Amino acid sequence: MRRLKRAVEGKTIANAKAIHPALLRQFPDATARRLRQRTIDSVERRGKHQLLHLDNGATLHAHFRMNGDWLITSTEDPLDRFTRAFIELTDGTRIELQDSRALAALKLHPKGEDALPALGIEANDAMLDAPHLKSVLAKRRGPIKPALMDQKVIAGLGNIYAAEALWRSMISPRAVASSISLPRLERLADAIGFVLKSKNRPPGRYTDNEFRGRFQVYDREGEACRRCGTTIKRIQQAGRSTYFCPKCQRS
DNA sequence: CGTATCCTGACC
DNA sequence: GGTCAGGATACG
């Protein structure tokens, strides 16, 4: 999002296009054409959502989902093999929505229309503390790990960092969300802040092989817990893999 | 609440 | 060929 911001803020769109059926459904040519000659006033992030605010009050909403990323290129460059949509600016900059699985969201919202779903507190907000967690988790019946990944509970936390935060705070991913004690929620809130700090996470994407194994539990099934040596386990929760240490993460 | 679904690619 | 993948949503 920061790279996007640097590349497009204050610039004017020359052309835009989706080039994959899944993207075209949400961003048809008629919509793409409406972006022409619009200036991008600002780029904003909310949770995992990116909002490009245009000079006519409309908002272009982008969400990478699983695999998405922005490629910043030039209009002279050939399109990347996995580019599913792109926006070209009048200065020759092109931003490509690179998304092999084509699961990303790209949608233009006219002025006045809400581009965002309901979202909880930002994962990196200093106001995210134990009392806040207590109140948003109070009426959840299920386990904590899926609750942490619910964007209405916390905006911006996903599968990796939910697992990392639970490992750091020594809380079982299966712990019932509503019945976690305040002291443990305090550890959890601190852990969320910690694991998201840039100095505590890999500088690249986790699939960039050189950055794997940089997590404490995520994707470490069968390896030794870095705290107690116990073998890291993988379970399924809400259809997603959860990695955790069965010994030092307690319910 | 969990599950199926949207997609394609990497890896076994 | 099967399994898994950083996410969200519609549905039961």
Side-chain angles (χ1 to χ4, degrees), chain A residues 1 3 18-27 45-51 61-71 79-85 96-107 109 114-120 122-124 136-167 173-179 192 195-196 198 200-223 232-244:
Chain A
M1 202 274 316
R3 283 186 299 112
I19 49 178
H20 183 288
L23 270 292
L24 273 166
R25 279 201 293 273
Q26 5 166 15
F27 194 70
R45 181 187 67 79
R46 271 288 276 136
K48 303 171 188 173
H49 303 262
Q50 301 173 67
L51 300 176
H61 170 234
H63 189 303
F64 290 154
R65 304 275 180 112
M66 299 285 235
N67 285 324
D69 199 3
W70 293 117
L71 276 188
L79 289 171
D80 182 81
R81 174 157 79 111
F82 299 123
T83 289
R84 308 308 190 193
E96 302 180 26
L97 179 56
Q98 184 192 49
D99 179 26
S100 58
R101 287 173 76 178
L103 293 175
L106 187 66
K107 200 168 188 305
H109 295 264
D114 205 346
L116 288 175
L119 293 173
E122 285 292 321
N124 63 356
V136 293
L137 296 174
K139 44 191 189 310
R140 300 208 51 124
R141 316 226 88 237
I144 183 65
K145 171 25 172 70
L148 289 179
M149 293 174 62
D150 184 339
Q151 302 299 297
K152 294 189 288 306
V153 174
I154 298 173
L157 258 206
N159 201 29
I160 292 179
Y161 293 102
E164 293 293 303
L166 288 169
W167 180 85
R174 295 194 261 224
V176 175
S178 58
S179 50
I192 291 168
V195 299
L196 289 178
S198 56
N200 299 320
R201 41 185 181 86
R205 324 192 98 208
Y206 98 106
T207 41
D208 299 354
N209 264 329
E210 70 179 293
F211 300 131
R212 293 184 63 167
R214 295 269 219 116
F215 297 113
Q216 300 298 327
V217 273
Y218 182 81
D219 203 20
R220 297 193 66 241
E221 182 185 19
E223 298 178 40
I232 298 297
K233 280 189 126 174
R234 176 165 70 106
I235 58 170
Q236 292 286 127
Q237 290 183 300
R240 313 294 299 282
S241 279
T242 294
Y243 300 86
F244 71 109

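The structure displayed is predicted, hence computed values, not measured ones. We name chains A, B, ... by the order of the sequence lines, and we start the count at 1 in each one.
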Stem list, DNA chain C (Watson-Crick or G-U pairing under 3.5 Å, at least 3 consecutive pairs): B:1-6 with C:7-12, B:8-12 with C:1-5

Validation row, ring centre A/Y218 to ring centre A/W167 under 6.0 Å: no

Spacing of the C1' atoms in C/dG6 and B/dC1 (rounded, Å): 23 Å

All side chain to side chain contact (heavy atoms under 4.5 Å, CB included) counterparts of A/D80, not counting sequence neighbours: A/L71, A/F82, A/T83, A/E96, A/Q98

With heavy-atom distances below 4.5 Å as the criterion, would you say the side chains of A/I235 and A/R174 are in contact? yes

Under 4.0 angstrom, heavy atoms only, what part of the nucleic acid is A/Y161 near: base, sugar-phosphate, or nothing? nothing

Salt bridge (charged side-chain N to carboxylate O under 4.0 Å, His left out) against A/R46, all qualifying residues, sequence neighbours excluded: A/E122

Closest to the A/N159 side chain, choosing from B/dG9, C/dT9, C/dG6: C/dG6

Tell me every residue that passes ring pair (Phe, Tyr, Trp, His ring centres under 6.0 Å) with A/H63, counting only those two or more places apart in sequence or in another chain. A/H49

Is A/R240 close enough to C/dG7 that one of its side-chain N or O atoms is under 4.0 Å from OP1 or OP2 there? yes

Indicate whether OP1 or OP2 belonging to C/dG6 is found under 4.0 Å from a side-chain N or O atom of A/K48. no

Nearest whole Å is fine: how far is C/dA5 C1' from A/M149 CE? 12 Å

C/dA5 phosphate, OP1 or OP2, under 4.0 Å from A/Y243 side-chain N/O: yes

Return all side-chain donor-acceptor pairs below 3.5 angstrom for residues 136-147 of chain A, not counting sequence neighbours, or 'none' if the list is empty.
from   : atom 1 : to     : atom 2 : distance (Å)
A/R140 : NH1    : A/D150 : OD2    : 2.8
A/K145 : NZ     : A/N159 : OD1    : 2.5
A/K145 : NZ     : A/T242 : OG1    : 2.8

Report the residues that fulfil ring pair (Phe, Tyr, Trp, His ring centres under 6.0 Å) with A/Y161, sequence neighbours left out, ordered by chain and then residue number. A/F215

Nearest whole Å is fine: how far is C/dA8 C1' from A/H61 NE2? 11 Å

Roughly, in whole Å, what's the span from CD in A/E164 to P in C/dG6? 13 Å

Here the distance between atom P of B/dC7 and atom CD of A/Q26, to the nearest Å, is 10 Å

Across all chains, not counting sequence neighbours, the side chain to side chain contact (heavy atoms under 4.5 Å, CB included) partners of A/A18 are A/L23, A/L24, A/F27, A/A85

Do A/L97 and A/F64 make a side-chain contact, defined as non-hydrogen atoms from C-beta onward lying under 4.5 Å apart? yes

Taking the C1' atom of each, how far is B/dG9 from C/dT9, in whole Å? 23 Å

According to a strict under-4.0 Å criterion, is A/H20 in side-chain N/O contact with OP1 or OP2 of B/dT8? yes

Check every atom of B/dA10, B/dT8, B/dC7 against the side chain of A/R25 and return the nucleotide holding the closest atom. B/dC7

d(CD1, A/I19; P, B/dC7) in whole Å: 16 Å

Let me spell it out: for each of A/K152 and A/N67, pick the nucleotide of DNA chain C with the closest heavy atom. Which residue's pick is nearer the 5' end? A/N67

With a 4.0 Å limit, can you tell me whether A/Q151 has a side-chain N or O closer than that to the phosphate oxygens OP1/OP2 of C/dA8? yes

Quick check on B/dC7: is either OP1 or OP2 less than 4.0 Å from any side-chain nitrogen or oxygen of A/S100? no

B/dT8, OP1 or OP2 - any side-chain N/O from A/R65 closer than 4.0 Å? no

Gap between atoms CZ and C1', on A/F64 and C/dA5 respectively (whole Å): 17 Å

Strictly under 3.5 Å: I want the nitrogen or oxygen pairs between protein and nucleotides 10-12 of chain C, one per line.
none

Who pairs with A/R234 by side chain to side chain contact (heavy atoms under 4.5 Å, CB included), at least two apart in sequence or on another chain? A/E221, A/Q236, A/S241, A/Y243

Measure CG/A/L103 against C1'/C/dG6 and give the value in whole Å, please. 11 Å

Within the structure provided, determine whether A/I192 and A/L157 are in side-chain contact (heavy-atom separation under 4.5 Å). yes

What is the separation between atom OH on A/Y218 and atom C1' on C/dC4, rounded to the nearest whole Å? 9 Å

Each nucleotide N or O in nucleotides 1-3 of chain B that has a protein N or O under 3.5 Å away: list the pair and distance.
from  : atom 1 : to     : atom 2 : distance (Å)
B/dC1 : OP2    : A/R141 : N      : 2.5
B/dC1 : OP2    : A/G142 : N      : 2.5

Could you list the residues that satisfy side chain to side chain donor-acceptor pair (under 3.5 Å) with A/D69, not counting sequence neighbours? A/R3

Among residues two or more places apart or on two chains, list those pairs meeting salt bridge (Lys or Arg N to Asp or Glu O under 4.0 Å) that have a residue in residues 155-166 of chain A. none

With the side chain of A/H63 defined as its heavy atoms from C-beta on, choose the nearest nucleotide among C/dG6, C/dA8, B/dC6. C/dA8

